[in-house]
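Below is one structure, written out as structure tokens; the observations come after it.
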Amino acid sequence: MFKTCIIGASGYTGAELALLLQQHSQFDLAALYVSENSHDAHKNIGDLHGFLYEQIDLPLLPLKESDMLALAEEMDAIFLATPHEASHEWMDKLAGKKAVIFDLSGAFRLKDKSVFAQYYGFENTQSAWLQQAVYGLADWHQEQIKQAALVAVPGCYPTASLTALKPLFNAKLLDSQHRPIINAISGVSGAGRKAALNSSFTEVSLQAYGVLGHRHQPEISNYLGTEVIFTPHLGNFKRGILATITVKVAAGVSAEQINQAYQQAYAGNPIVRLRKSWPKIDDVAQTPFCDLFWKFDSQSGYLVITSAIDNLLKGAASQAVQCANLRFGFASQLGLVN
Ligand SMILES: NC(=O)C1=CN([C@@H]2O[C@H](COP(=O)(O)OP(=O)(O)OC[C@H]3O[C@@H](n4cnc5c(N)ncnc54)[C@H](OP(=O)(O)O)[C@@H]3O)[C@@H](O)[C@H]2O)C=CC1
Ligand SMILES: CC(=O)N[C@@H](CCC(=O)OP(=O)(O)O)C(=O)O
């Protein structure tokens, strides 16, 4: 058994991760941490998150900076389900020791430092870890993940978008003159657990946000290999993302080539499900799957793809477990799919 802990365990993704690790046959969930001055310190996680009641009997321990070195030498894996700034600040103390780090935040996803100032609102000063971090797109970057000391688990919208677009881009089926257009709707849990006016029950309606300026636009473009137009929307439901993506394919590309690209990319992968009808959010909520379906208009050359995931699972916690599975030598889907 590999010894694991979660920092930021009281949050939405941390709680999901706790259950996945607790139920996993090869990972031992040894401890849960919150920040030093957390209001939730010393509470049992099952008292905070009802779905974990009597499932996990562990307290949320306040983590002091002075304890981090010992933790990094004791654990085999540390999962950071913390805000970008906290992951950024703590990486120096945690990474490069015995524990492999799986960071669910965006702090180490991109190599280009200027992106952080522009899109994240802070300067990324952890140059060495930025360079070493491996982007944990688990269905694509398996070989790099297997070697990583630090895995930067992708954002939720990039996971939905890249899973849909990479088979097409890699097979050179896209018309390079037209940017893929991604319209995606997320449930409110994407914004995290802390109270905020724009995610309060009475305020949320279906609305676009972050238009032409969301931090996931550079993340998607970077790992796809071409610019995209990405428009996120906040929907009045709790969890899940539905991304509807429109692309123009290169002249002469056939429906057969498109189908083949998806089959080749995901044949034998139980996490990415190539559907026979349009997936809906309820099909993937509470699951580790990414469901894809598409329709091609051969007359115009336009292709529309829908990608559906649970933002807290495939968009965060279960993808982190896929990465850990790969890193410790197991099948990517172990503990996630039967
Ligand atoms: N929600 C989602 O759908 C997704 C989220 N992510 C990313 O995963 C990370 C966690 O997200 P999520 O679970 O939604 O967030 P939450 O806000 O629900 O939880 C954040 C956790 O981090 C702790 N925390 C907050 N501030 C600090 C701090 N300064 N120092 C240390 N710990 C802190 C919180 O506990 P406390 O403050 O009590 O210590 C809590 O346990 C974020 O980086 C997010 O961007 C990635 C993909 C999807
Ligand atoms: C609905 C909602 O607010 N979603 C979040 C995305 C959450 C996520 O995956 O992103 P990071 O890990 O990059 O923070 C947002 O748009 O900021």
Side-chain angles (χ1 to χ4, degrees), residues 5-18 32-43 45 48-49 60-65 68 79-91 93-94 102-110 115-116 119-122 135-137 152-162 184-200 203-204 206-211 213-220 230-243 285 309-320:
C5 72
I6 303 170
I7 305 179
S10 64
Y12 286 152
T13 62
E16 296 291 338
L17 196 47
L32 303 173
Y33 294 97
V34 286
S35 54
E36 191 173 359
N37 300 313
S38 170
H39 293 304
D40 295 319
H42 304 293
K43 290 180 188 165
I45 194 167
L48 206 63
H49 291 281
L60 295 158
L61 303 170
L63 182 62
K64 293 199 217 80
E65 215 176 293
M68 287 185 191
F79 293 85
L80 286 169
T82 39
H84 317 297
E85 295 82 351
S87 293
H88 172 258
E89 190 183 329
W90 293 346
M91 198 53 73
K93 285 137 201 124
L94 295 169
F102 299 88
D103 181 19
L104 276 66
S105 90
F108 293 90
R109 291 183 195 145
L110 291 158
V115 173
F116 291 95
Y119 289 91
Y120 283 75
F122 70 91
Y135 189 63
L137 192 66
V153 182
C156 47
Y157 290 118
T159 297
S161 307
L162 290 166
I185 308 172
S186 171
V188 187
S189 59
R193 183 166 171 264
K194 66 195 167 309
L197 187 60
N198 62 358
S199 57
S200 97
E203 293 291 324
V204 174
L206 182 54
Q207 188 184 26
Y209 68 101
V211 179
H214 195 280
R215 67 186 179 285
H216 287 171
Q217 177 142 344
E219 187 179 327
I220 298 167
F230 166 60
T231 311
H233 299 69
L234 187 64
N236 58 353
F237 49 92
K238 287 186 183 173
R239 57 200 286 169
I241 286 181
L242 191 79
I309 63 168
D310 184 319
N311 55 299
L312 297 177
L313 289 173
K314 180 59 175 165
S318 69
Q319 180 150 242

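In each ligand, atom 1 is the first atom listed, and ligand 1 is the first ligand listed.
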Mark the output for E219 as yes if a heavy-atom distance to ligand 2 is under 4.0 Å, and as no if none is.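 Heavy atoms of E219 never come under 4.0 Å of ligand 2.
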Does ligand 2 have an atom under 4.0 Å from some heavy atom of G187?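 G187: in contact with ligand 2 (<4.0 Å).
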From [atom], work out which of [options] has a heavy atom at the shortest distance.
atom: atom 35 (O) of ligand 1; options: G190, S10, A107; result: S10
atom: atom 21 (C) of ligand 1; options: A195, A316, A81; result: A81
atom: atom 1 (N) of ligand 1; options: S105, A15, G192, S189; result: S189

Side chain, backbone, both or neither: which part of P83 comes within less than 4.0 Å of ligand 1 when only heavy atoms are counted?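 It is both backbone and side chain that touch ligand 1.
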Under 30°, 30 to 60°, or over 60°: which ring-plane class applies to Y157 and H214, parallel, tilted or perpendicular? perpendicular
Nearest protein heavy atom to atom 8 (C) of ligand 2, by residue and atom, and its distance?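 Here the nearest protein heavy atom works out to C156 SG, 3.1 Å.
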For atom 48 (C) of ligand 1, the protein heavy atom that lies nearest, with its residue and separation: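 That would be G315 O, 3.5 Å.
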Please say whether R193 places an N or O atom under 3.5 Å from an N or O atom belonging to ligand 1.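 Among all N and O atoms of R193, at least one is under 3.5 Å from an N or O of ligand 1.
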What is the minimum heavy-atom distance between A320 and L17, and which atoms define it? CB-CD1, 4.4 Å
Residue part near ligand 2, for R109, under 4.0 Å between non-hydrogen atoms: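 Answer for R109: side chain.
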Quick note on ligand 2: atoms under 4.0 Å from a heavy atom of Y209 include exactly 1 (C), 2 (C), 3 (O), 4 (N), 15 (C), 16 (O)
